[in-house]
Engineer: 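I'd like to ask some things about the structure below.
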Amino acid sequence: MSVEPEQVVDVSIVINGTECTASVPSRMLLSDFIRHEAGLTGTHVGCEHGVCGCCTVMIDGVSARSCLAFAVQCDGSEIRTVEDLAAVDDTLSPLQQAFHECHALQCGFCTPGFLMAITEFLDRNQRADLSETEVREAISGNLCRCTGYTSIVDAVLLAAKRMYGKED
């Protein structure tokens, strides 16, 4: 039995506004491309089969698990990672600031995935009056082993108020 060598493909992906081009194995995961080719280590890899949500990024404006996509599938796409949330001067985004103030992280391993999934949720639901139920549904695809989720929900609600309404 002969084994065919893995095909190498040229891929060009815009990540956080910067084009990253590389020749990669055709089965390279997007998460590996982001971490190893682009050198951005904020995207964490947990379960490697799409269950935990730690590797969530935005692909062309939609949150997705980067461990379930091949880099070659994203050729020509725009990817946004957690590194893109803070301002150029490192000022935290309203969501990041709310996570900090509400103590919405402990070990922090799952945090980048939560932040990216919630970023899309807040972009789609630009209102200050989000319900706890809506937020819990939005984060239901991300697992955290430390926080118990209450502080994460509180942070999302605070960020929504600051971004789209008035803070109490």
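Just so we're clear, the structure is a prediction, and the values are computed from it rather than from any experiment. Throughout, residue positions are numbered sequentially from 1 according to the sequence presented.
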Engineer: With a 4.5 Å limit on heavy-atom distance, are the side chains of I13 and L30 in contact?
Structural biologist: yes

Engineer: Tell me whether the count of non-hydrogen atoms from other residues, nucleotides or ligands lying under 6.0 Å of CZ in R145 goes above 12.
Structural biologist: no

Engineer: Please confirm whether the backbone N or O of G42 pairs with a side-chain atom of E83, one donor and one acceptor, at under 3.5 Å?
Structural biologist: yes

Engineer: Once you round to the nearest 0.5 Å, how far does OG1 of T111 lie from CD1 of I118?
Structural biologist: 9.0 Å

Engineer: Quick one: does any side-chain atom of D60 pair with a main-chain N or O of S77 as donor and acceptor, under 3.5 Å?
Structural biologist: no

Engineer: Ignoring hydrogens, what is the shortest heavy-atom contact between C54 and G46? Give both atom names and the distance.
Structural biologist: CB-N, 4.2 Å

Engineer: Do the side chains of P25 and Q7 get nearer than 4.5 Å, heavy atoms only?
Structural biologist: no

Engineer: Using the rule that two of Ile, Leu, Val, Met, Phe, Trp, Tyr join whenever any of their side-chain heavy atoms come within less than 4.5 Å, decide whether F114 and V45 are in one cluster.
Structural biologist: no

Engineer: Could you grab the distance from atom NE2 of H44 to atom OG1 of T81, nearest 0.5 Å is fine?
Structural biologist: 10.5 Å

Engineer: May I ask you to decide whether E120 forms a salt bridge with R80, counting only side-chain N to carboxylate O separations under 4.0 Å?
Structural biologist: no

Engineer: Specify the closest pair of heavy atoms between Q96 and V82, including all atoms of both residues, with the distance to one decimal.
Structural biologist: NE2-O, 4.4 Å

Engineer: Do L85 and L115 have side chains that approach each other closer than 4.5 Å (heavy atoms only, starting at C-beta)?
Structural biologist: yes

Engineer: Are the side chain of Q106 and the backbone N or O of C146 linked by a donor-acceptor pair below 3.5 Å?
Structural biologist: yes

Engineer: Let me confirm one number: the CE-CG distance from M58 to D123, rounded to the nearest 0.5 Å.
Structural biologist: 5.0 Å

Engineer: In Å, rounded to the nearest 0.5 Å, how long is the span from OG of S131 to CG of L157?
Structural biologist: 8.0 Å

Engineer: Where is the tightest heavy-atom contact between L143 and Y149, given as atom of each residue plus distance?
Structural biologist: CA-OH, 3.4 Å

Engineer: Would V24 and E37 satisfy side chain to side chain contact (heavy atoms under 4.5 Å, CB included), going step by step from the backbone distance to the final call?
Structural biologist: CA-CA 9 Å; V24 300; E37 299 300 324; 4.0 Å; yes

Engineer: Determine whether more than 12 heavy atoms belonging to other residues, nucleotides or ligands lie under 6.0 Å from atom CD of Q126.
Structural biologist: yes

Engineer: If I compare all heavy atoms of F121 with all of V135, which pair ends up nearest, and what's the gap?
Structural biologist: CE2-CG2, 4.1 Å

Engineer: Judged by modelled atom types alone, do N16 and T18 share a side-chain donor-acceptor pair under 3.5 Å?
Structural biologist: no

Engineer: So does M28 get a backbone contact from the side chain of D32, meaning a donor-acceptor N/O pair under 3.5 Å?
Structural biologist: no

Engineer: Counting distance only, does the side-chain N/O of S66 pair as donor-acceptor with the main-chain N or O of C55 below 3.5 Å?
Structural biologist: yes

Engineer: Quick one: closest heavy-atom pair of T56 and R65, and the distance?
Structural biologist: OG1-NH1, 3.4 Å

Engineer: Locate the shortest heavy-atom distance separating I15 from C20; write the atom from each residue and the value.
Structural biologist: CD1-CB, 4.3 Å

Engineer: Is there a donor-acceptor pair closer than 3.5 Å between any side-chain N or O of S63 and the backbone N or O of V57?
Structural biologist: no

Engineer: Would you mind reporting whether F99 and L92 have side-chain heavy atoms less than 4.5 Å apart?
Structural biologist: no

Engineer: For the atom pair CG (D154) and CD (E132), what is the distance rounded to the nearest 0.5 Å?
Structural biologist: 7.5 Å

Engineer: Between E19 and S12 (side chain of the first, backbone of the second, donor and acceptor by atom type, cut-off under 3.5 Å), is there such a pair?
Structural biologist: no

Engineer: Taking the side chain as every heavy atom from C-beta outward, state whether C74 and V11 have any atom pair closer than 4.5 Å.
Structural biologist: no

Engineer: Indicate if M163 and M116 have the same hydrophobic cluster label, given that clusters are the connected sets of ILVMFWY residues with side-chain heavy-atom separations under 4.5 angstrom.
Structural biologist: yes

Engineer: Quick one: does R35's side chain have a donor or acceptor within less than 3.5 Å of a partner on L40's backbone?
Structural biologist: no

Engineer: Measuring only between side-chain heavy atoms, which start at C-beta, is D75 closer than 4.5 Å to V9?
Structural biologist: no

Engineer: Would you check if the side chain of Y164 reaches a backbone N or O of L122 as a donor-acceptor pair within less than 3.5 Å?
Structural biologist: yes

Engineer: Is any side-chain heavy atom of H49 less than 4.5 Å from a side-chain heavy atom of C67?
Structural biologist: no

Engineer: With a 4.5 Å cut-off on side-chain heavy-atom distances among I, L, V, M, F, W and Y, is there a chain of contacts connecting V14 to I34?
Structural biologist: no

Engineer: List the steps, then state whether salt bridge (Lys or Arg N to Asp or Glu O under 4.0 Å) holds for E101 with R162.
Structural biologist: CA-CA 13 Å; E101 290 175 26; R162 288 180 175 168; 2.6 Å; yes

Engineer: Would you say that C144 contacts F109 through its side chain, given a criterion of any heavy-atom pair below 4.5 Å between the two side chains?
Structural biologist: no

Engineer: Between R127 and E134 (salt bridge meaning N to carboxylate O under 4.0 Å), is one present in this structure?
Structural biologist: yes

